[in-house]
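Each remark here refers to the structure printed beneath this line.
Just so we're on the same page: letters track the sequence lines, and every chain starts at 1. Both backbone and side-chain heavy atoms feed into the values below; hydrogens, waters and symmetry mates do not.
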Amino acid sequence: MSAPIETPPAASDFIRDKVRADVAAGKYGGRVATRFPPEPNGYLHIGHAKSICLNFGIAAEFGGVCHLRMDDTNPTTEDPEYVASIQRDVKWLGFDWGENMFFASDYYDALYELAEKLITLGRAYVCDLTEEQMSEYRGTISEPGRDSPFRERSVEENLDRFRRMRKGEFKEGECVLRAKIDMASPNMKMRDPPIYRIKHAHHYRTGDTWCIYPLYDYAHCLSDSFERITHSICTMEFESARELYDWVVEATEVPWVPKQTEFARLNLSYTVMSKRKLLELVEGKHVSGWDDPRLPTIAGLRRRGIRPEAIREFCARIGVAKNLSTVDVALLEHCIREDLNAEAPRVLAVLDPLKVTITNWDREPDELDAAYWPHDIPREGSRKVPFSGELLIDREDFMESPPKDFHRLAPGRAVRLRHGYVITCNEVIKDAAGAVTELRCTYDPETRGGAAPAGQKKLGTIHWVSAAHALDVEVRLYDRLFSVEQPGSTEGVDWKSELDPQSLTVVRARVEPSLASAKVGERFQFERLGFFIVDEDTRGRALVLNRVIALKDGYAKLQKPKEPEKRARPQAPAAEKPAAEKALSREALALKSTYGITDDEARALANEPLLLSLLESAGRSEVVPFLVNEVLREIRSKELASVPFDGTALVELQLLVNDGTLSNKLAKDVLAAMIAGEGSPREIVDKRGLKQTTDEGAILAAIERVLAANADAVARYRAGNQNVIGALTGLSIKETGGRANPKLVGELLRKKLAG
RNA sequence: UCCGGCGUCGUCUAAUGGCAGGACAGCGGAUUUUGAUUCCGCUUAUCGGGGUUCGAAUCCCUGCGCCGGAACCA
């Protein structure tokens, strides 16, 4: 239930399309139930967030439910600490599973009963092969496996041994329960996969009740079934497990049959996402913990200061598809800035202070009014900012001999201090080593509040604080964890060596005094610098702030030498000579010579038995193009195993095309009707009045109606978009009830548009 | 190599036989007391080769490339 209202409306995707179609078809009684099924053996990361948003999002959109289920079937890796962190993270992301919190470990009894049932039905057996033997018997991806010598044990013996497994009479690894499927299956997952193994281990929830534990492929689908899940959504690496998923559900004869759908997992540039690598970073102390703000973990993102709104928006924007994809982290960063722009009040802070003395300041400190929000954000509020004779600015905002486009402070130049006065630099003080230690400037009293002096239109603005008033704080500047786009993608290079040593810089910074009351978790924008959050390491008045994300820096970009354009696919030359094509099979060769057809046609025919039988009953090569191009499409897309007509009907159809009764397009419509069982081609033509027309008057009239109704498209055509003619042709044909001769429509249309 | 999946702007993703669209990134301009934001504009793509069709990113054949699958992990 559950997604909060402010969740961005998700654009549709192939999974939502499927759910929508299932609901419309009344599948599962129109019910929608999804689940997010993490194993509690690690922390959630932004890749999980994608799955969470998908599963909870779909449930919310279709009035269904989304369960949170711990897939805890491996006692040796799981831990309640992870359960707690997962619950916290899902909740923090803004989702609510309500009553629907489940644990696979709660199903151990039911799973065990079904395993006994499988044995009783002769669909599972206890196998005593060792692990190495089993893998040897399994064969390889290109060679079939061999049956285990224990495969034909009697039901009684299997039942007895399985019960003894449960009682703890065997050592770990001594035997397993296997599904009895097919050792020769091309899908390795189907070669009698183990479904129960012995583990004399303490489970964090069931304690020492069990010493056998079900494996994923067995437990997961049944858990889905127990929970009456309708759409079991998972990532692509489980694709070959789907066949087994379906087998288990069917073989155990459970009443509820969920269906699995896979989508591509999220990869992000400049970071790593695998549990193994994340664990290695944490355990190897490359980061400070699971919540290190540089990590893509939910805990890390939260500590970094990113709001769940930004993550949800990001997940909505990346979409859901099956392509292997690596999303540019710049998109995440964009979502973070976009979210914080309207949420973080602006304040002044200096990260790398340089002293500025205002030589003509001869009074008490001034109290300036400073709005918290810029003009384009409709929010109220301001604070006082003290201005005095001794200020601090960021070192970056001064250059002794600046280029022309540097609109900041330099000897003899003026700059506006944000919310303050315009100052002019008169003198640069340096230490013995030649480093600048102080700037001596004068202020213009007429410019209080930042008003531009007469005649000075273009004036840079920089941030500053008053030295005597500013707070001394710790600021942690976080950046991308890795310095390369795809860590680990270069052969022979350890991915850990690609960590960016500068992903964290800690500085002592000075911030305006209003931050004295800032609370942990509060976010600010330090003007011109970035977004910051008060970190939980803050102790009393000793503020610690994390940089969430830097502001975009147009000037820095100007300075950077342009990256050479990475362009041009390094693919072209291969296209020169056509690669050797696959030799024709014996069957195809025979077809080719019998019917005098092309290689391509023979191949397509040989691939599809249904097509072959149609051709045989037709006995004429004339129907081959239609068979290969149209009939094949229909039977593939509708997954047909048979059709309610034979080849003679196709010959009849072909004759109708030949004598001009039907256009090719109409023939396709007739074919669809034939598949729907509406009778012979001639009957369908008569019944539906599908006869093709070449009546120019009628066609012209239709074209005129279409052109009148689509003036904009006509304009685009005349403006040079030739492709529009396709759409207009289609529309015109449709206008005649699909009966117009397409070629004629095209000719007339072209003539009409030209004239 | 066997089975399966996937190939659309630099990146992610739409277009379900009929005008290749959007977002991010990039580039240019306007506005700006944040070189931010906002606004406007621009560049850039259907993996190659054949076929079917009036019309193909989409259907068929084929080549190529990438990913996943041989845990008693999930």
Mind telling me whether A/F532 and A/F526 have parallel, tilted or perpendicular rings, with 30° and 60° as the class edges?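 Rings of A/F526 and A/F532: parallel, as their planes differ by under 30°.
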Do A/R418 and B/U34 have a side chain to base donor-acceptor pair shorter than 3.5 Å?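 Side chain to base: no pair below 3.5 Å.
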I'd like to know if A/R408 reaches the base of B/G35 with its side chain such that a donor and an acceptor end up less than 3.5 angstrom apart.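 Present.
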Does [N] pair with anything, Watson-Crick or G-U wobble, both distances under 3.5 Å, and if so, with which nucleotide?
{"N": "B/U1", "value": "none"}
{"N": "B/G48", "value": "B/U62"}
{"N": "B/G41", "value": "B/C27"}
{"N": "B/U8", "value": "none"}

With distance as the sole test, does A/D394 use its side chain to make a donor-acceptor pair with the main-chain N or O of A/E396 at under 3.5 Å?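 Such a contact is absent between A/D394 side chain and A/E396 backbone.
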Is there a donor-acceptor pair closer than 3.5 Å between any side-chain N or O of A/E634 and the backbone N or O of A/L671?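 Answer holds: no.
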When you measure from the centre of the six-membered ring of A/Y196, is the NZ or CZ of A/R178 closer than 6.0 Å and no more than 45° off the axis?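 Ring-cation test returns no.
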Is it the case that A/R346 places NZ or CZ above or below the six-membered ring of A/Y372, under 6.0 angstrom from the centre and within 45 degrees of the axis?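 No, a cation-pi geometry is absent between A/R346 and A/Y372.
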For [X], I'd like to know if atom [atom1] has over 12 heavy atoms of other residues, nucleotides or ligands within 6.0 Å.
{"X": "A/K275", "atom1": "NZ", "answer": "yes"}
{"X": "A/K734", "atom1": "NZ", "answer": "no"}
{"X": "A/R718", "atom1": "CZ", "answer": "yes"}

Among [options], which nucleotide has an atom closest to any side-chain atom of [X]?
{"X": "A/L324", "options": "B/C66, B/U34, B/A23", "answer": "B/C66"}
{"X": "A/I318", "options": "B/C12, B/U34, B/U16", "answer": "B/C12"}
{"X": "A/N721", "options": "B/A25, B/C19, B/U62", "answer": "B/C19"}
{"X": "A/D376", "options": "B/C61, B/U38, B/G18", "answer": "B/U38"}
{"X": "A/R317", "options": "B/G50, B/U34, B/C24", "answer": "B/C24"}
{"X": "A/A604", "options": "B/C61, B/C24, B/A36", "answer": "B/C61"}

Counting only side-chain nitrogens and oxygens, does A/K322 get under 4.0 Å of the OP1 or OP2 atom of B/G7?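 No, outside the criterion.
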Quick check on RNA chain B: between A/I462 and A/T326, whose nearest nucleotide comes earlier from the 5' end?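 With A/I462 and A/T326 compared, the 5'-side residue is A/T326.
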A/E172 bridged to A/K199 by N-O distance under 4.0 Å: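 Not counted as a salt bridge, because no side-chain N and carboxylate O are separated by less than 4.0 Å.
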Nearest-Å distance once atom P is located in both B/U62 and B/C2: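 The same atom, P, in both gives a distance of 14 Å.
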Mind checking if [X] touches a base, just sugar-phosphate, or nothing, with heavy atoms under 4.0 Å?
{"X": "A/A713", "answer": "nothing"}
{"X": "A/A451", "answer": "base"}
{"X": "A/R346", "answer": "base"}

With 3.5 Å as the limit, what N/O pairs link the protein to nucleotides 54-59 of chain B?
residue: B/C59; atom: O4'; partner: A/R633; partner atom: NH1; Å: 3.4

Could you tell me which non-hydrogen atom of A/N741 sits nearest to which non-hydrogen atom of A/I699, and how far apart they are?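 Closest pair (atom of A/N741, atom of A/I699, distance): N-CD1, 4.3 Å.
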Heavy-atom contacts, protein to nucleotides 68-74 of chain B, under 4.0 Å, summarised as B (base), S (sugar-phosphate only) or - (none) per nt, yield SBBSBSB
